[in-house]
Amino acid sequence: MYKISNSGWIEVIVGPMYSGKSEELIRRIRRVKIARQKVKVFKPLIDNRYSKSDVVSHSGDSIEAISIDHPEEMFAKITDDTDVIGIDEIQFFHPEIVGICEKLADDNKRVIVAGLDRDFRGEPFTPVPELMARAEYIDKLHAICVICGDPATRTQRLIDGKPASYDDPVIMVGSQEVYEARCRYCHEVLKDKKVVQYE
Ligand code: ADP
Ligand code: ZN
């Protein structure tokens, strides 16, 4: 998909953690640069795990990006001659991101976004479902389940080695938190102190 059309569009890359979303975003942006198109890449300020200002994949690949707090900040960085906009970790942005992606596509930009489609409970991660509905193209990637080796569609949250509870806060001070890729069968969430498997 190259930006040769008059019209813009939205591409969404989703999946659980470790499914290769950042790798795929980086691959597409590299090709945009090879085509000598102008691109701006953004990521949320809170995602500083590997680098303050780069999109970095779990395999160590990286590409230059701009960290922003609120989606509106993109407008100050995007110019008329920007052809393509890439956004990683889209699930961490304010829901206003949906309307902004639509506006950019209406302004004839190619908008490529990557992010988690489900939270650690296995529930849809707002505002990603809405973006998926509005997108022209969707790629749903799978990781490998660390328990059984099947394709993984979920992100398992472990707190001090145990499956997280449905009601656990997003930030658990003083606890050791780990995330794993798991399939539907192996994904576990504690509810009322029992392990429940969704669907
Ligand atoms: P995402 O952005 O979806 O979290 P990344 O693009 O950062 O994924 O990383 C994908 C890479 O993670 C894979 O190419 C592989 O090298 C590595 N990896 C580590 N654990 C797993 C796993 N359980 N399943 C698949 N890939 C994994
Ligand atoms: Zn499994």
Side-chain angles (χ1 to χ4, degrees), residues 1 10-33 39-68 71 84-93 97 101 111-129 131-132 135 137-159 161-164 170-171 176-191 195-199:
M1 282 173 281
I10 301 172
E11 293 165 37
V12 177
I13 305 163
V14 292
M17 271 178 80
Y18 299 106
S19 60
K21 302 180 298 298
S22 298
E23 272 175 2
E24 179 59 20
L25 178 66
I26 292 167
R27 189 184 78 89
R28 292 187 196 182
I29 301 298
R30 279 217 178 102
R31 292 163 61 92
V32 165
K33 290 184 175 174
V39 59
K40 289 271 156 60
V41 183
F42 299 95
K43 67 172 201 171
L45 204 52
I46 52 166
D47 181 41
N48 280 344
R49 280 172 300 179
Y50 302 109
S51 160
K52 271 198 170 44
S53 58
D54 288 354
V55 166
V56 184
S57 78
H58 289 104
S59 52
D61 223 357
S62 72
I63 204 155
E64 200 184 311
I66 304 165
S67 294
I68 54 167
V84 180
I85 291 121
I87 312 170
D88 201 17
E89 303 287 2
I90 192 85
Q91 75 280 352
F92 289 140
F93 281 108
I97 192 85
C101 288
V111 183
I112 316 171
V113 310
L116 296 169
D117 51 345
R118 296 166 181 273
D119 62 20
F120 73 89
R121 305 172 181 98
E123 304 288 358
F125 208 142
T126 305
V128 182
L131 263 169
M132 289 168 75
Y137 305 96
I138 304 171
D139 285 287
K140 191 151 177 161
L141 307 182
H142 299 128
I144 302 297
C145 174
V146 298
I147 305 293
C148 75
D150 271 5
T153 51
R154 318 235 173 162
T155 303
Q156 176 69 49
R157 185 186 193 198
L158 295 168
I159 296 174
K162 291 192 223 60
V170 176
I171 296 173
Q176 234 218 314
E177 237 188 310
V178 176
Y179 290 90
E180 294 178 347
R182 293 207 189 174
C183 71
R184 180 187 286 267
Y185 182 78
C186 299
H187 182 249
E188 296 172 314
V189 184
L190 285 176
K191 199 164 193 183
V195 170
V196 292
Q197 286 179 337
Y198 279 85
E199 290 116 311

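The basis for the numbers below is simple: all heavy atoms, side chains too, and nothing from hydrogens, waters or symmetry mates. Computed from a predicted structure; not experimentally measured. Order of listing sets the numbers, starting from 1, for every ligand and every atom in it.
Every atom of ligand 1 with a heavy atom of Val146 under 4.0 Å away is listed here by number and element: 23 (N). In the vicinity of Pro16, heavy-atom distances shorter than 4.0 Å reach the ligand 1 atoms 3 (O). For ligand 1, the atoms closer than 4.0 angstrom to any heavy atom of Ser57 are 5 (P), 6 (O), 7 (O). Proximity to Met17 (heavy-atom distance under 4.0 Å) selects the following atoms of ligand 1: 4 (O).
Looking at His187, its side chain does come within 3.5 Å of a backbone N or O of Phe120 through a donor-acceptor pair. Between the side chain of Asp119 and the backbone N or O of Arg121 there is at least one donor-acceptor pair closer than 3.5 Å.
Counting heavy atoms under 4.0 Å from ligand 1, residue Leu141 does not touch it at all. Neither the backbone nor the side chain of Ala152 has any atom closer than 4.0 Å to an atom of ligand 1 (non-hydrogen atoms only).
The protein atom (non-hydrogen) at minimum distance from atom 16 (O) of ligand 1 is Ser59 CB, 3.8 Å. In terms of protein heavy atoms, atom 17 (C) of ligand 1 is closest to His58 CB, 4.4 Å. Remark: minimum distance from atom 6 (O) of ligand 1 to any protein heavy atom is reached at Glu23 N, 3.0 Å. Of all protein heavy atoms, the one closest to atom 3 (O) of ligand 1 is Lys21 NZ, 2.7 Å. With respect to atom 24 (N) of ligand 1, the closest heavy atom belonging to the protein is Ile144 N, 2.9 Å.
Atom-to-atom distance recorded for Ser57:OG and Lys21:NZ is 11.0 Å, nearest 0.5 angstrom. To the nearest 0.5 Å, atom CE of residue Met17 and atom CD of residue Glu180 are 10.0 Å apart. In this structure, the separation between CZ on Arg184 and SG on Cys145 is 13.0 Å, given to the nearest 0.5 Å. Interatomic distance, Phe125 CZ to Arg118 CZ, rounded to the nearest 0.5 Å: 13.0 Å. Separating the CZ atom in Phe42 from the CD atom in Glu89 is a distance of 16.0 Å, to the nearest 0.5 Å. Atom CG of Leu45 and atom CD1 of Ile66 lie 12.5 Å apart (nearest 0.5 Å).
Heavy-atom distances between Gly20 and ligand 1 reach below 4.0 Å in at least one pair. Residue contacts with ligand 1: Cys145 is excluded, as none of its non-hydrogen atoms falls under 4.0 Å.
Among Asp61, Val56, Asp88, the single residue meeting the side-chain contact (heavy atoms from CB on, under 4.5 Å) criterion with Ile26 is Asp61.
In this structure, Lys33 places its NZ atom where more than 12 heavy-atom neighbours from other residues, nucleotides or ligands lie under 6.0 Å away.
Ionic pairing of Arg28 and Glu24 is present here: one or more N-O contacts between side-chain nitrogen and carboxylate oxygen are shorter than 4.0 angstrom.
Checked by distance only, ligand 1 and Tyr18 come closer than 3.5 Å through their nitrogen or oxygen atoms.
An angle of 110° is found at the Zn ion (ligand 2) between Cys145 atom SG and Cys186 atom SG, rounded to 10°.
Distance check on atom 22 (C) of ligand 1: some protein heavy atom falls below the 4.0 Å cut-off.
Note on Cys148: counted as a metal contact of the Zn ion (ligand 2), an N/O/S atom lying under 2.8 Å.
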